[in-house]
Peer 1: 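Here you go, one structure.
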Amino acid sequence: MNHRGEFSMIEEVFRPLAEVNHFSFGLSDDAAIMQLDSNQDLVVTSDAMADGIHFDSYTPAADVARKLLRSNLSDIAAMGGIPISYTLTTALPEHYRDTWIEEFAEGLKVDQKNFGVSLIGGDTISSRSLVLSMTLLGRVDSNQTLRRNGALAGDALYVSGTIGDAGIGLSITKNKPNNIDTASKKFFLDRLHKPSPRLELGQSLITLSSAAIDVSDGLIADLEHICAESKVAATVWLESVPISEAAKNFINGDSGANVARLSAGEDYELIFTAPDYSAENIALISKQLGVQITHIGSISEGRGVTVIDRDSEEVFLSSKGFSHY
Ligand code: ADP
Ligand code: MG
């Protein structure tokens, strides 16, 4: 028997539970929103990580902590929110309770400072395997939320940063290649373990962008969520999808690996859409924040994502996104 995938489980099992509560957006966005007062809304998001699935036993505990916090921060960024505080639930086998959990807390301490958030509660249970779950709370000015559902035909499509670095980092942890220099290896592993949640960018895009999502599952898979929620189609120009110098060297002209970047997850960059008249302001924000922003395609009527090469030929993808599930 086939088991349900992550998205059909959310849709079929959990969505009916959320339907009565319009703050959840029917579980179809990066986070939920609740009204705090007449000026401010509360943004709520949860992410969990399990040993053997989201990280391996070689991953430093501090990096696991920072990745957990940063992946949650990325969802707040995708909603245009400002993070405030978080709760943490740890399900721990006995032998993780001493050094490992202390190093984990050290990692959180560093990033609490970096991002101005603090712990406000949680739960601690024993378990046969290690699972860590975090719920992050943030705030946003009322009705100023970035959503997945506002893209319109004619909008331009953008992405922040570079795409595919975390995926290469993951392949390095799995395949342990020995033909990679130390600096590049560090770059890819940093991108995998310590992504940069685009909080300032998300906040700056509120008035400029029509729809946004963060890249957790893969550029194409996450863009498909924008298309589904906005009821539009997207075309991605393969040659325009930004690549880091390190990734260019690592891929070394392998066109399959270049396309696979579009399906690799965990870059935690923002994909967003905006009308043409926002282009100048978007360029300005990119400069002000020092964050690379690249125009990678366009939105049109229809449904789904198409990738085209420099000859406007459609590029076929063997997999659209990474699923841990
Ligand atoms: P992201 O990759 O942005 O974290 P997910 O794909 O994990 O988003 O989740 C999509 C939406 O479904 C989110 O709004 C999330 O809160 C909701 N969701 C996921 N799992 C559950 C669950 N077990 N119960 C309730 N809502 C869920
Ligand atoms: Mg998200």
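Each ligand, and each atom within it, is numbered from 1 in the order the structure gives. Numbering starts at 1 and runs along the sequence shown.
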Peer 1: Taking Arg139 for the side chain and Gln40 for the main chain, is one N or O donor matched with an acceptor at less than 3.5 Å?
Peer 2: no
Peer 1: Specify which N/O/S atom of Asp30 comes nearest to the Mg ion (ligand 2), by atom name.
Peer 2: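 Relative to the Mg ion (ligand 2), the closest nitrogen, oxygen or sulfur of Asp30 carries the name OD1.
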Peer 1: So, does Thr87 use its side chain to make a donor-acceptor pair with the main chain of Gly122 at under 3.5 Å?
Peer 2: no
Peer 1: Tell me, please, if Asp222 has any N/O/S atom, main chain or side chain, under 2.8 Å from the Mg ion (ligand 2)?
Peer 2: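 No N, O or S atom of Asp222 is closer than 2.8 Å to the Mg ion (ligand 2), so no.
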Peer 1: Among all the protein's non-hydrogen atoms, which is closest to atom 27 (C) of ligand 1, and how far away is it?
Peer 2: Leu27 CD1, 4.2 Å
Peer 1: Taking the six-membered ring for Trp, are Phe250 and Phe188 ring centroids under 6.0 Å apart?
Peer 2: yes
Peer 1: Looking at Asp75 and Ala78, would you say the former's side chain and the latter's main chain have a donor-acceptor pair under 3.5 Å?
Peer 2: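 Checked: no pair found.
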Peer 1: Checking salt bridge (Lys or Arg N to Asp or Glu O under 4.0 Å) against Glu266, which of Lys67, Arg191, Lys194 comes through?
Peer 2: Lys67
Peer 1: Which atoms of ligand 1 have any heavy atom of Asp75 under 4.0 Å away?
Peer 2: 1 (P), 3 (O), 4 (O)
Peer 1: So is Ser28 polar-close to ligand 1, meaning N/O to N/O under 3.5 Å?
Peer 2: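 Checking ligand 1 against Ser28, no N or O pair falls under 3.5 Å apart.
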Peer 1: For atom 8 (O) of ligand 1, what is the nearest protein heavy atom, given as residue, atom name and distance?
Peer 2: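 Of every protein heavy atom, Arg148 NH2, 4.1 Å lies nearest to atom 8 (O) of ligand 1.
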Peer 1: Which atom name would you report as the N, O or S atom of Asp214 nearest the Mg ion (ligand 2)?
Peer 2: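 Closest to the Mg ion (ligand 2) among those atoms: OD1.
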Peer 1: Any idea which protein heavy atom is nearest atom 6 (O) of ligand 1, and the distance to it?
Peer 2: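 Heavy-atom neighbour on the protein nearest atom 6 (O) of ligand 1: Phe7 CE2, 3.3 Å.
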Peer 1: Measure from atom 13 (C) of ligand 1 to the protein's non-hydrogen atoms and state whether any distance is below 4.0 Å.
Peer 2: yes
Peer 1: Answer with side chain, backbone, both or neither: which part of Ile10 has a heavy atom less than 4.0 angstrom from an atom of ligand 1?
Peer 2: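 Side chain only; the backbone of Ile10 stays clear of ligand 1.
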Peer 1: Return yes if some donor-acceptor pair links the side-chain N/O of Asp30 with the main-chain N/O of Ile213 below 3.5 Å, else return no.
Peer 2: no
Peer 1: Provide, to 0.1 Å, the distance between atom 22 (C) of ligand 1 and the closest protein heavy atom, together with that atom's residue and name.
Peer 2: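 Residue, atom and distance for the closest contact: Phe14 CD1, 3.7 Å.
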Peer 1: Check all N, O or S atoms of Asp75 and name the one closest to the Mg ion (ligand 2).
Peer 2: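 Atom name returned: OD1.
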Peer 1: Would you verify whether the NZ or CZ of Arg147 falls within 45 degrees of the ring axis of Phe25 while also being under 6.0 Å from that six-membered ring's centre?
Peer 2: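 Yes, cation above the ring, under 6.0 Å and within 45°.
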Peer 1: Between Arg261 and Asn258 (side chain of the first, backbone of the second, donor and acceptor by atom type, cut-off under 3.5 Å), is there such a pair?
Peer 2: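 Judged by distance alone, yes, a pair lies under 3.5 Å.
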Peer 1: Does the residue Phe25 have a heavy-atom contact with ligand 1, meaning some pair of atoms that are separated by less than 4.0 Å?
Peer 2: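 Phe25 does not count as a contact of ligand 1 under the 4.0 Å cut-off.
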Peer 1: Does Ala257 offer a backbone N or O that forms a donor-acceptor pair with the side chain of Asp254 under 3.5 Å?
Peer 2: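 It does hold such a pair.
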Peer 1: Can you check whether Pro177's main-chain N or O pairs, donor with acceptor, with Asn175's side chain at less than 3.5 Å?
Peer 2: no
Peer 1: Is there a nitrogen or oxygen of Asp30 sitting under 3.5 Å from a nitrogen or oxygen of ligand 1?
Peer 2: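 There is such a contact, yes.
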Peer 1: Would you mind checking which non-hydrogen protein atom is closest to atom 5 (P) of ligand 1, with the distance to 0.1 Å?
Peer 2: Glu6 OE2, 4.0 Å
Peer 1: Tell me which protein heavy atom sits closest to atom 15 (C) of ligand 1, plus the residue, atom name and distance to 0.1 Å.
Peer 2: Asp29 O, 4.6 Å
Peer 1: So is there a nitrogen or oxygen of Ser216 less than 3.5 Å from a nitrogen or oxygen in ligand 1?
Peer 2: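 Yes - when backbone and side-chain N and O of Ser216 are compared with those of ligand 1, one distance drops under 3.5 Å.
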Peer 1: Judged by atom type as modelled, is there a donor-acceptor pair below 3.5 Å linking the side chain of Thr45 to the main-chain atoms of Asn72?
Peer 2: no
Peer 1: List every atom of ligand 1 that sits less than 4.0 Å from any heavy atom of Asp47, numbering the atoms from 1 in the order shown and giving each element.
Peer 2: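 So the answer, numbered in order with elements, is 4 (O).
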